[in-house]
Amino acid sequence: MLDINMVRNQPEVVRQALVNRSEPTDSLDAILAFDVQRRDILKQSEQLRALRNSVSKEISKMKDATAREAKIAEMRAVGDQIAALEVDLKKVETQLEELTTAIPNVPDLRTPVGLSEDDNVVLRTEGAPRQFDFAPKPHWELGVALGILDFERGVKLSGTRFYVLNGAGARLQRALITWMLDLHTQQGYREEYLPFMVKQQTLFAAGQLPKFKDNLYHDVEEDFWMVPTAEVPLTNLHGGEILSADQLPLHYCAYTPCFRREKMKAGSDVRGIKRGHQFDKVEMYMFCTPESSDAELEKMLADAEAVCKGLGLTYRVKQLCTSDIGFSARMTYDLEVWAPGCGEWLEVSSVSNCGDFQARRANIKYRRETGAKVELVHTLNGSGLALPRTMIAVMENYQQVDGSIVVPDVLRAFVGMDVIR
RNA sequence: GGAGAGGUAGCAUAGUCUGGUCUAAUGCGCACGCCUGGAGAGCGUGUACGGUUAAAACCCGUCGCAGGUUCAAAUCCUGUCCUCUCCGCCA
C-alpha cells in the first residue's frame with residue numbers, strides 16, 4: 001500500500017508509475033477526491049466530539065437539574081450529528097481503501113520502463129549451455145522412462161496438472177530442498193517452518209488480497225487460505241511489531257508448498273511439471289532499514305544465484321520492466337535456468353525489493369534509536385529456488401545418452417546415489 | 001467439542017462489582033540529567049500507537065476485535081477472536 005500522504009502530495013509520481021506499469025490511472029483521481037472528502041468529514045466530526053467530550057464533563061458537575069437536562073438534550077442532538085457524519089465517513093473510507101489497496105507499488109527509477117515481458121532486460125548469462133552429442137530429451141520423457149515421475153496417477157488423484165514423484169524422483173526433490181535450506185542458512189538466513197494455511201489479513205498484508213483473490217485457494221468453512229508462496233507468512237512474521245534497529249536486517253528462509261488457483265491458458269505449458277496448482281519452493285525473505293534495501297537486494301540475488309551455481313546450471317539474470325514487476329515490488333530480478341530438453345529458459349527465481357509497501361500493509365516498523373520516531377522497514381523476497389523447474393533443469397541438463405540422470409555433486413549425499421537409472 | 005478463568009501501552013499488575021477527578025495509575029525495564037575518579041545506589045525528568053497539521057501544540061481515536069446502551073464506557077449489554085486450566089477426542 002502506498003502512503004496516502006505521498007499520493008496526495010505527489011500525485012504525478014503515482015500517475016507516472018501507473019502509466020509505466022500499463023495500469024489505468026482513473027482510480028487516482030477518485031482517490032484524491034475521496035481523500036479531500038474524508039478529511040473534511042473528519043474535521044467536522046472531531047470538532048463535534050471535542051464539544052461533546054467537554055460538555056459531558058461539565059454535565060457531571062452540574063447541580064441544577066433543569067440546566068443539566070437542557071445540556072443533555074443538546075448533546076443528544078450533537079451525538080446524532082456525529083453518528084450521521086460517521087456513516088458518511090465510513091462510506092468514504094471504505095471506497096478510499098478499496099481504491100488505495102489496489103494501487104501497485106511505485107517502481108524504482110532504475111526499473112526499465114516497458115510495456116510487456118518482452119521489455120525485460122537480460123543483464124547477463126552465466127555459464128554456457130551444455131553441448132550434447134545426442135538429442136536431449138524433455139524431463140517428461142526422461143522422468144516417466146526412469147519411473148521417477150508419474151503423471152497418470154497424479155491425474156487420477158487430483159486431476160490435470162498434478163503428478164507424483166516416485167523413489168529417486170521424490171528423493172531428488174527432497175535433496176534439493178534440504179541442500180537449498182542448508183545453503184541459505186550458511187548465507188545467514190534463519191530457517192523457519194511456517195503455516196501453509198493463513199487467514200485473510202495475512203494475505204492482505206503481503207499484497208495478495210484483495211486484488212489476487214482469484215488466484216488463491218480458500219477454505220470457506222474455516223476461512224483458511226492456502227499460501228501461494230512462503231512470502232505471505234514470512235511477511236507477516238513481524239506484522240504489527242516495532243523492531244529495534246539493532247535487530248535489523250532479519251534474514252529468513254523457508255520451505256513451503258505453494259498453491260495457486262491460476263486459470264491456465266489451455267494448451268500452454270501443458271506438458272511436464274513446469275506449471276501446476278501445487279509446487280514446492282524454498283524462499284528467502286528479509287526485513288531491513290530503508291537505506292540498506294538496495295544493497296540487500298543485490299545480496300539476495302547473489303544468494304539465489306549461488307543455488308544455480310552450486311547445481312552447475314546455466315542461467316541468466318533478467319531485470320524486469322515496469323509492466324512485469326509484481327504488484328508489491330519496486331524492482332525485481334528474475335533468474336532463468338536453461339532446460340535443454342524442452343529448449344526453454346525457465347524462471348526459477350524472482351528476487352524483489354518491495355520497499356515499505358508490504359511493511360505499511362503489515363504494519364512493520366522499527367525505531368532507529370531510543371526515543372526516535374518509528375519508521376517502516378523495507379522488505380525483500382526471493383525464491384531460492386522453485387522446485388519443479390529446478391528439477392526440470394537438473395534432469396534435463398544431467399541426462400545421459402541412455403536416459404539415466406547424473407546426480408549433481410552437491411546433492412549426492414542427500415539422494416544417496418550418483419546416477420539415477 | 002464441553003466447563004471455568006483471563007486479554008489494560010516493552011514486561012508485570014491496579015482500575016471493571018458501584019459509568020463521570022481515568023486526562024488510564026503503580027512497579028520493573030529503558031533513555032536522559034544530577035551525583036561519582038568510574039560504576040552502583042540514590043534523586044530528578046521522560047518513556048504506547050495512529051489520525052489531524054506544512055510541522056507542532058491543542059484536538060480526535062485506540063484498554064483483544066466488532067457492534068449496542070448513554071450526555072458520558074476500560075467499566076454496562078451482545079457477538080466474536082485469542083490465551084490459560086480441567087475434561088473429552090486425536091497423530
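Throughout, protein chains are lettered first and strands after them, A, B, ... in sequence-line order, and every chain is numbered starting at 1. All heavy atoms count here, side chains included; hydrogens, waters and symmetry mates do not.
In this structure F357(A) satisfies the ring-ring contact (aromatic ring centres under 6.0 Å, His included) test together with F327(A), sequence neighbours excluded. For F224(A), the ring-ring contact (aromatic ring centres under 6.0 Å, His included) test picks out no residue, with sequence neighbours left out. With sequence neighbours excluded, the residues forming a side-chain hydrogen bond (donor to acceptor under 3.5 Å, both in side chains) with S22(A) are S323(A), listed by chain and number. Residues forming a ring-ring contact (aromatic ring centres under 6.0 Å, His included) with H238(A) (at least two apart in sequence, or on another chain): Y252(A), F287(A). With sequence neighbours excluded, the residues forming a ring-ring contact (aromatic ring centres under 6.0 Å, His included) with W225(A) are H218(A), listed by chain and number.
Heavy-atom distances to RNA chain B give each of R68(A) and R76(A) a nearest nucleotide, and the one nearer the 5′ end belongs to R68(A). Mapped onto RNA chain B by nearest heavy atom, I72(A) and S60(A) fall at different nucleotides, with S60(A) at the one closer to the 5' end.
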What is the per-nucleotide protein-contact pattern of nucleotides 47-62 of chain B, from the 5' end, where B denotes a base atom under 4.0 Å from a protein heavy atom, S denotes such proximity for sugar-phosphate atoms only, and - denotes neither? --SSBSS-----SBS-
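Each salt bridge (Lys or Arg N to Asp or Glu O under 4.0 Å) pair with one or both residues in residues 172-191 of chain A, not counting sequence neighbours, appears once here: R190(A)-E192(A). Screening residues 91-107 of chain A for salt bridge (Lys or Arg N to Asp or Glu O under 4.0 Å) gives R38(A)-E93(A) as the qualifying pairs, with residues at least two apart or on separate chains.
Rounded to whole Å, the P atom of A25(B) lies 15 Å from the corresponding atom of U45(B). Between C65(B) and C58(B), the distance separating the two C1' atoms is 30 Å to the nearest Å. Going from the C1' atom of G10(B) to that of C60(B) covers 26 Å, rounded to whole Å. Taking atom P in both A56(B) and G51(B), the straight-line distance is 10 Å, to the nearest Å. Spacing between G50(B) and A57(B) at atom P, rounded to whole Å, works out to 13 Å. Spacing of C1' atoms, U83(B) relative to U26(B), comes out at 25 Å, to the nearest Å.
For RNA chain B, the neighbouring residues in residues 83-103 of chain A, judged by any heavy atom under 4.0 Å, are K90(A).
Remark: G42(B) base-pairs with C34(B); criterion is Watson-Crick or G-U wobble with both hydrogen-bond distances under 3.5 Å.
Ionic pairing of R68(A) and D64(A) is not present here: no N-O contact between side-chain nitrogen and carboxylate oxygen is shorter than 4.0 angstrom.
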